[in-house]
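Read the structure below first, then the notes.
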2 protein chains.
Amino acid sequence: MNKYAKQSPILVAVDCIIFGFDGYDLKLLLIKRGFEPEKNKWSLMGGFVQPNEKPEEAASRVLNQLTGLKNVYMEQLSVFGEPNRDPIERTISITYFALIDIKKYEKQLNDEYRAEWFPLDRIPRLIFDHGKMVEQAKQKLRYKAALHPILFELLPEKFTIPQIMTLYEQVYDVEFDKRNFTRKLRSTGLLIKQSDKDKENSKKGAFYYKLDKATYKEKFTKFLNFISNPAY
Amino acid sequence: MNKYAKQSPILVAVDCIIFGFDGYDLKLLLIKRGFEPEKNKWSLMGGFVQPNEKPEEAASRVLNQLTGLKNVYMEQLSVFGEPNRDPIERTISITYFALIDIKKYEKQLNDEYRAEWFPLDRIPRLIFDHGKMVEQAKQKLRYKAALHPILFELLPEKFTIPQIMTLYEQVYDVEFDKRNFTRKLRSTGLLIKQSDKDKENSKKGAFYYKLDKATYKEKFTKFLNFISNPAY
DNA sequence: GCAAAAGTGTTTATGCTACACCCATGT
DNA sequence: ACATGGGTGTAGCATAAACACTTTTGC
């Protein structure tokens with residue numbers, strides 16, 4: 001059969017908003033764009049969707065190129081489609097956000113993409129509409145993390161409660177009461193206490209926990225009310 | 001400057017999942033596709049994104065073509081991008097869901113698009129991946145309506161509490177206690193009681209209410225906990 | 001007068017918030 | 001011994017859930 005007549009195809013790209021946590025700070029991974037226009041300006045990692053490639057495959061490929069990581073938590077965010085958002089040629093961009101444990105990031109910084117981790121409150125000016133994409137991703141992260149345990153995707157296999165609490169505090173930009181926070185977290189049944197402690201960050205040491213993966217899967221899509229009245 | 005070399009553009013379409021409520025039932029608006037392939041099969045209303053048109057403009061245009069309505073509540077859902085989802089030519093589709101009061105629907109049925117309203121539990125087989133799109137939209141509606149007062153977008157200016165309750169019961173496929181439901185709804189401050197009654201649906205008659213638009217705007221983005229433990 | 005739907009209150013249980021002190025250890 | 005961060009309990013309050021009877025009116 002013939003192709004659809006009279007229709008104009010458009011370039012389709014993906015852009016990844018990559019959040020990472022190193023145990024202390026929540027950060028965003030940005031690259032220095034390697035080609036014109038806006039060469040050498042800070043940018044999200046992105047790429048074009050190839051023929052015979054699903055958009056989510058393109059996003060995984062692009063993320064893997066930059067970080068060396070596979071099987072990363074990724075979620076489709078939304079489409080940016082202003083006709084003139086890219087000055088060279090009309091391109092719509094599908095955004096994805098990814099959550100990774102920075103310690104797993106294997107590539108050297110300053111490699112071919114000249115990538116750097118930026119704390120969320122010190123994001124530089126970004127090209128095109130990438131600033132808006134980041135804002136939307138931050139909002140979605142807050143939204144989703146209030147209801148589902150996605151922030152565990154940012155943590156290593158073994159983590160401590162003070163670490164998780166720091167992470168939540170950075171996502172919501174508030175301070176929590178550690179007694180209430182601990183109680184609520186434990187009540188989810190998601191944590192398995194380990195017998196060893198992290199002694200790097202305090203003298204007394206904080207017990208390590210692991211995620212109960214069965215409970216995690218089971219409860220993931222439920223509304224968990226992690227954060228009662230999140231700013232949104 | 002030159003265009004991006006070596007990249008393959010793709011057709012970009014929008015498809016609209018149009019929910020409507022007539023005071024009794026929650027329904028979906030479908031059309032009989034007017035061209036090949038899959039001509040005369042049931043389909044979502046859609047269309048191609050034109051040059052110089054934003055995707056959301058395309059969605060509004062397409063919705064207006066079908067219903068005659070403007071300024072309808074619409075929200076971007078997600079992208080469907082499987083390389084072979086359309087057998088004729090690669091096309092990615094951006095889905096939007098729309099909420100409308102069926103009584104406002106102005107066009108005659110069986111016009112050029114041969115559109116019909118289907119109760120949600122009697123959706124026919126749809127072309128391509130449109131069935132998946134509808135499932136995703138139903139899920140998103142449940143998700144969002146549990147936290148934000150979007151279901152009011154389906155109601156006429158004047159509505160009764162039993163009507164809203166029926167609507168919520170259909171969205172979540174459960175029965176609510178009318179005392180608890182009424183109390184919770186009123187506690188939001190979203191309703192303004194009118195002095196007249198709807199006498200069509202009962203002998204006693206149910207008081208009409210209007211939406212308090214200022215409160216609606218103010219509370220829209222807050223988490224309202226309309227439904228405590230929604231199935232999702 | 002009766003059938004059909006609207007409207008209204010109370011009690012109980014659960015979850016959330018606020019709040020302060022002791023513990024373990026490295027220096 | 002002291003400074004640092006980790007860990008724990010309780011009481012008051014607010015919200016949610018369960019539950020049944022009265023009201024209105026068209027027929």
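Residue numbers begin at 1 in each chain, while the letters A, B, ... track the order of the sequences. Atom set for the values below is all heavy atoms of this structure, side chains included, hydrogens, waters and symmetry mates excluded. Since the model is a prediction, treat every value here as computed from it, not as a measurement.
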B:Phe80 and B:Phe128: aromatic ring centres closer than 6.0 Å?
no
What I want to find out is whether A:Lys132 reaches A:Glu135 closely enough, with some N-O distance under 4.0 Å, to be called a salt bridge.
no
Provide, to the nearest angstrom, the distance between the NZ atom belonging to B:Lys184 and the P atom belonging to D:dA18.
12 Å
Nearest-Å distance for atom pair CD1/P, residues B:Ile164 and C:dA6:
12 Å
Taken to the nearest whole Å, NZ/A:Lys203 to C1'/C:dT25 is 8 Å
Identify, with sequence neighbours excluded, every residue that meets salt bridge (Lys or Arg N to Asp or Glu O under 4.0 Å) alongside A:Lys203.
none
Looking at every strand, decide which applies to A:Asp177 at a 4.0 Å heavy-atom threshold: base, sugar-phosphate, or nothing.
base
Nearest-nucleotide 5' precedence on DNA chain C, A:Asn180 against A:Ser202:
A:Asn180
On the side chain of B:Lys204, is there an atom forming a donor-acceptor pair with the base of D:dT23 - under 3.5 Å, no angle test?
yes
With hydrogens left out and only the distance checked, is there a donor-acceptor pair under 3.5 Å joining B:Arg183's side chain and the base of C:dG9?
yes
Pull out every residue in residues 188-201 of chain A that has a heavy atom closer than 4.0 Å to any atom of DNA chain C, ordered by number, or say none.
A:Lys199
Given C:dT17, D:dA16, D:dG6, which nucleotide is nearest the side-chain atoms of A:Lys178?
D:dG6
